[in-house]
Amino acid sequence: MLGRQGAGKGTQAARISERTGYPWVSTGEMFRQAAAEGTELGLLAQSYMERGELVPDDVTIGLVRERLTKPDAQEGVVFDGFPRTRVQAEALDRMLEGQAIDLVLNVEVPENVCRQRLLARAQIEARADDTPDAIDQRLALYEEQTRPLMAYYGPKVATVDGLGTIEEVFERCIKEIEAATSG
Ligand code: AMP
């Protein structure tokens with residue numbers, strides 16, 4: 001799944017995972033979990049996350065490579081927040097060894113709406129990377145590094161309008177998934 005931070009990607013990815021049975025693989029969640037556990041990986045990731053920067057590609061790719069060896073990932077996964085750079089996308093292609101990516105769902109929400117949602121979330125969740133500076137940095141990096149992946153994936157990309165209720169956006173996502181996987 002592609003989409004700005006605050007577009008509701010994570011919410012939709014978790015629901016899509018529930019509906020399809022494919023596990024939800026969120027690199028952001030994995031990094032936050034590792035940080036909470038205080039592992040070496042977690043502490044390293046935290047230093048980048050706090051500043052709103054991307055964790056280095058080799059670290060992120062290593063984490064995903066390991067995740068994909070788990071039994072539950074053998075039939076498919078729902079990626080959320082990965083890949084975020086061209087280097088990651090190319091590494092993923094190599095990891096998949098010819099197994100196809102069915103669909104790249106792009107959840108589109110205007111930047112100002114995302115910024116407001118992230119600032120609101122900051123009040124509730126107090127995530128270290130939801131400070132105004134880190135939010136601006138993350139949104140800028142999205143445009144610079146992640147949006148170009150739409151061109152990388154070309155015809156695999158389906159853009160859904162991310163404005164509306166969670167249920168409405170979910171229905172739009174499901175429609176695209178059905179269209180991409182039927183026949
Ligand atoms: P997220 O919850 O997806 O917004 O991710 C939170 C933070 O984790 C990001 O701002 C990055 O610092 C880090 N992160 C998550 N996924 C990646 C990725 N694919 N590549 C690099 N850093 C990532």
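Source: prediction; values computed, not measured. For ligands, and for the atoms within them, numbers begin at 1 and follow the listed sequence. Quick note: residue numbers are just sequence positions, from 1.
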Under-4.0 Å heavy-atom contact with ligand 1, by part of Thr60 that carries it
side chain
Inspect the contact between Lys70 and Asp72 and indicate whether a charged nitrogen and a carboxylate oxygen are less than 4.0 angstrom apart.
no
Evaluate Thr85 against Asp57 for side chain to side chain donor-acceptor pair (under 3.5 Å), listing each step before the verdict.
CA-CA 8 Å; Thr85 66; Asp57 282 328; 2.9 Å; yes
Would you say the side-chain atoms of Gln33 and Glu29 include a donor-acceptor pair closer than 3.5 Å?
no
From Phe31, Phe79, Tyr142 - option closest to atom 23 (C) of ligand 1 by heavy atom:
Phe31
Can a salt bridge be assigned to the pair Asp130 and Arg117 using a cut-off of 4.0 Å between side-chain N and carboxylate O?
no
Judged by non-hydrogen atoms, does Arg32 sit under 4.0 Å from ligand 1?
yes
Short list, please: which atoms of ligand 1 are under 4.0 Å from a heavy atom of Glu53?
11 (C), 12 (O)
May I ask you to check if ligand 1 and Gln88 share an N or O to N or O distance below 3.5 Å?
yes
At under 4.0 Å between heavy atoms, what of Asp80 touches ligand 1? The answer is neither
Examine Tyr152 and Leu54 and state if one hydrophobic cluster contains both, with Ile, Leu, Val, Met, Phe, Trp and Tyr joined whenever side-chain heavy atoms are less than 4.5 Å apart.
no
Judged by heavy atoms only, the candidate from Gln5, Arg84, Gln145 nearest atom 3 (O) of ligand 1 is Arg84
Considering only heavy atoms, does Arg127 approach ligand 1 within less than 4.0 Å through its side chain, its backbone, both, or neither?
side chain
Which protein heavy atom lies closest to atom 5 (O) of ligand 1, and at what distance to 0.1 Å?
Gly28 CA, 3.5 Å
Pair Arg115 + Glu111: basic N to acidic O under 4.0 Å:
yes
Examine ligand 1 and decide if any of its atoms is less than 4.0 Å from a heavy atom belonging to Arg4.
no
